[in-house]
Peer 1: 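Next up is a structure, given as structure tokens.
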Number of protein chains: 2
Amino acid sequence: MANDQHGQDDGVWLYCSNSAIRRAARRLGQLYDGAMESTGLKGTQFSLMTQIRRAAEPTLKELAEAMVMDLSALGHTLKPLIRDGLVELFPDPRDRRAKRVRLTPEGLARQQEMLGLWQQAQERFDAALGTKQSQELRRTLAFISSQEFAESFRHLEARDT
Amino acid sequence: MANDQHGQDDGVWLYCSNSAIRRAARRLGQLYDGAMESTGLKGTQFSLMTQIRRAAEPTLKELAEAMVMDLSALGHTLKPLIRDGLVELFPDPRDRRAKRVRLTPEGLARQQEMLGLWQQAQERFDAALGTKQSQELRRTLAFISSQEFAESFRHLEARDT
DNA sequence: CATATATAGTGGTATATGCCACTAAATTCA
DNA sequence: TGAATTTAGTGGCATATACCACTATATATG
């Protein structure tokens, strides 16, 4: 309210989807991390472990794609989990370039333990935002995360000058 | 399609708002960073500089709150910009604990230079997602970023066991 | 088959972000 | 006023994330 004197920049503030999604992601990270605090793991680590479990021994490449994450970023992110014995890598027998990922028994136990906390956090999220809006949001975010969206965005590049 | 055998975890994958927003934020970061690549600065840095400009010499605390960012994280994030002479800190004359932030002349020039690239990126985003959905998304993200949302979420804590 | 090219991962470097412990300064309160 | 408390920032450490250069392996091609 006190800072409207720069109209040209308010446009960015209000309309920049990239800024907006980052702000919201920071907020949500704080809230979810708080909810999972007692487990000593972060929301991001829970997501990663959950996807590893879900994806049945994916290669690093496959996992990175599913997470919409750079392959090397994934490698770095996995290191603490490997160090702590929650996740392990093993070579793909058919392709010696590839490595596959799985939860260790302890990793699986921790993931299951976190599931309850996650569910509580998710219920609180839905309650705070409203179930309908929450569903709508996830649909939109899933589309933005898709390869299809990235291609649309990139193909618009040539004609927007 | 090939990975539905873990029904209990598909729930997390599909419904976890925290995972979903991070995936989308990573994707969007890639796309916006690509659009601003020629300036040598990232989308996050553009957002930060824009908010600094908009907020008329805020204290670090005020800026951190506006960015929904931890104060110390803000301090770290500002360092490259200060090092490169785009942003400067100066003491608040009334409160010697506080420091205020502003763009340097060069910082202002860079921010203005990036504005055009940002606008192109934002137009591509709106075109790829649809104007209506895009507006709706920003409204929702703004609410999630709000203090009010954080309080709602936290107040639900006591009763969700 | 031998070489050219494409693919999967790793390690380095840089930014992004958060928590904690600590310092300095302001404010409160006995 | 002087001690206790609160507030603003800093620095250290840890995770999150990206890009680049490099290695090893696989595939394609002449």
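In what follows, chains carry the letters A, B, and so on, assigned in the order in which the sequence lines appear, proteins first and then strands, with residues in each chain numbered from 1.
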Peer 1: Whole-Å distance between D:dG9 C1' and B:M69 CE?
Peer 2: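 To the nearest whole Å, that distance equals 16 Å.
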Peer 1: Rounded to whole angstrom units, what separation is found between the CD1 atom of B:I82 and the P atom of C:dA16?
Peer 2: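 The answer, rounded to whole Å, is 12 Å.
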Peer 1: side-chain hydrogen bond (donor to acceptor under 3.5 Å, both in side chains) with B:Y32: which of B:K42, B:Q122, B:E37?
Peer 2: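 Only one of B:K42, B:Q122, B:E37 forms a side-chain hydrogen bond (donor to acceptor under 3.5 Å, both in side chains) with B:Y32, namely B:Q122.
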Peer 1: What is the separation between atom CZ on A:R22 and atom P on C:dG18, rounded to the nearest whole Å?
Peer 2: 11 Å
Peer 1: Rounded to whole angstroms, how far apart are CG on A:L31 and C1' on C:dG18?
Peer 2: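 Rounded to whole Å, this separation is 14 Å.
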Peer 1: For DNA chain C, whose closest nucleotide is more 5', that of A:Q30 or that of A:T59?
Peer 2: A:T59
Peer 1: Nearest whole angstrom, please: distance from the P of C:dT23 to the CZ of B:R96.
Peer 2: 18 Å
Peer 1: By nearest atom, which of the nucleotides D:dA16, D:dA8, C:dG18 is closest to the B:A98 side chain?
Peer 2: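 Closest nucleotide among those given: D:dA8.
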Peer 1: Which is true for B:R83 with a 4.0 Å heavy-atom rule: it touches a base, it touches only sugar-phosphate, or it touches nothing?
Peer 2: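 It contacts sugar-phosphate atoms only.
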Peer 1: With the threshold set at 4.0 Å, does a side-chain nitrogen-carboxylate oxygen contact exist between A:R100 and A:E57?
Peer 2: no
Peer 1: Please name the pair of heavy atoms, one in B:I144 and one in A:R27, separated by the smallest distance, quoted to 0.1 Å.
Peer 2: O-CG, 3.2 Å
Peer 1: From the list C:dG18, C:dA8, C:dG12, which nucleotide is the closest neighbour of the side chain of B:S72?
Peer 2: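 Selected nucleotide: C:dG18.
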Peer 1: Quick check: on DNA chain C, is the nucleotide nearest A:D33 upstream (toward 5') of the one nearest A:L89, or the reverse? Name the residue that is more 5'.
Peer 2: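 Of the two residues, A:L89 wins.
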Peer 1: Kindly indicate whether the side chain of A:H76 and the base of C:dG12 share any N or O donor-acceptor pair separated by less than 3.5 Å?
Peer 2: yes
Peer 1: Base, sugar-phosphate or nothing for A:L60? Non-hydrogen atoms, less than 4.0 Å.
Peer 2: sugar-phosphate
Peer 1: Would you indicate, yes or no, if C:dA8 has its OP1 or OP2 atom less than 4.0 angstrom from a side-chain nitrogen or oxygen of A:K61?
Peer 2: yes
Peer 1: A:E136 and side-chain hydrogen bond (donor to acceptor under 3.5 Å, both in side chains): which single residue from A:R139, A:Q133, A:K132, A:R138 fits?
Peer 2: A:R139
Peer 1: For DNA chain D, whose closest nucleotide is more 5', that of B:K42 or that of B:K79?
Peer 2: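 Looking at the nearest nucleotide for each, B:K79 comes out on the 5' side.
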Peer 1: Would you say a side-chain N or O of A:T77 is under 4.0 Å from OP1 or OP2 of D:dT15?
Peer 2: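 A:T77 to D:dT15 OP1/OP2: no side-chain N or O under 4.0 Å.
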Peer 1: Could you give the CG-to-C1' distance, from B:D95 to C:dT27, as a whole number of Å?
Peer 2: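 Rounded to the whole Å, the gap is 10 Å.
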Peer 1: Distance from B:T140 atom OG1 to B:Q135 atom CD, nearest 0.5 Å?
Peer 2: 11.5 Å
Peer 1: Classify A:D70 by what it touches in the nucleic acid, base, sugar-phosphate, or nothing, heavy-atom distance under 4.0 Å.
Peer 2: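 Contact class for A:D70: base.
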Peer 1: Between D:dA24, C:dT17, D:dA8, spot the one nearest the side chain of A:R97, thanks.
Peer 2: D:dA24
Peer 1: Could you tell me how far apart B:N18 (CG) and D:dA16 (P) are, to the nearest whole angstrom?
Peer 2: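 My rounded result for the distance is 12 Å.
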Peer 1: What is the separation between atom CG on A:L74 and atom P on D:dT17, rounded to the nearest whole Å?
Peer 2: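 Computing the A:L74:CG to D:dT17:P distance gives 10 Å.
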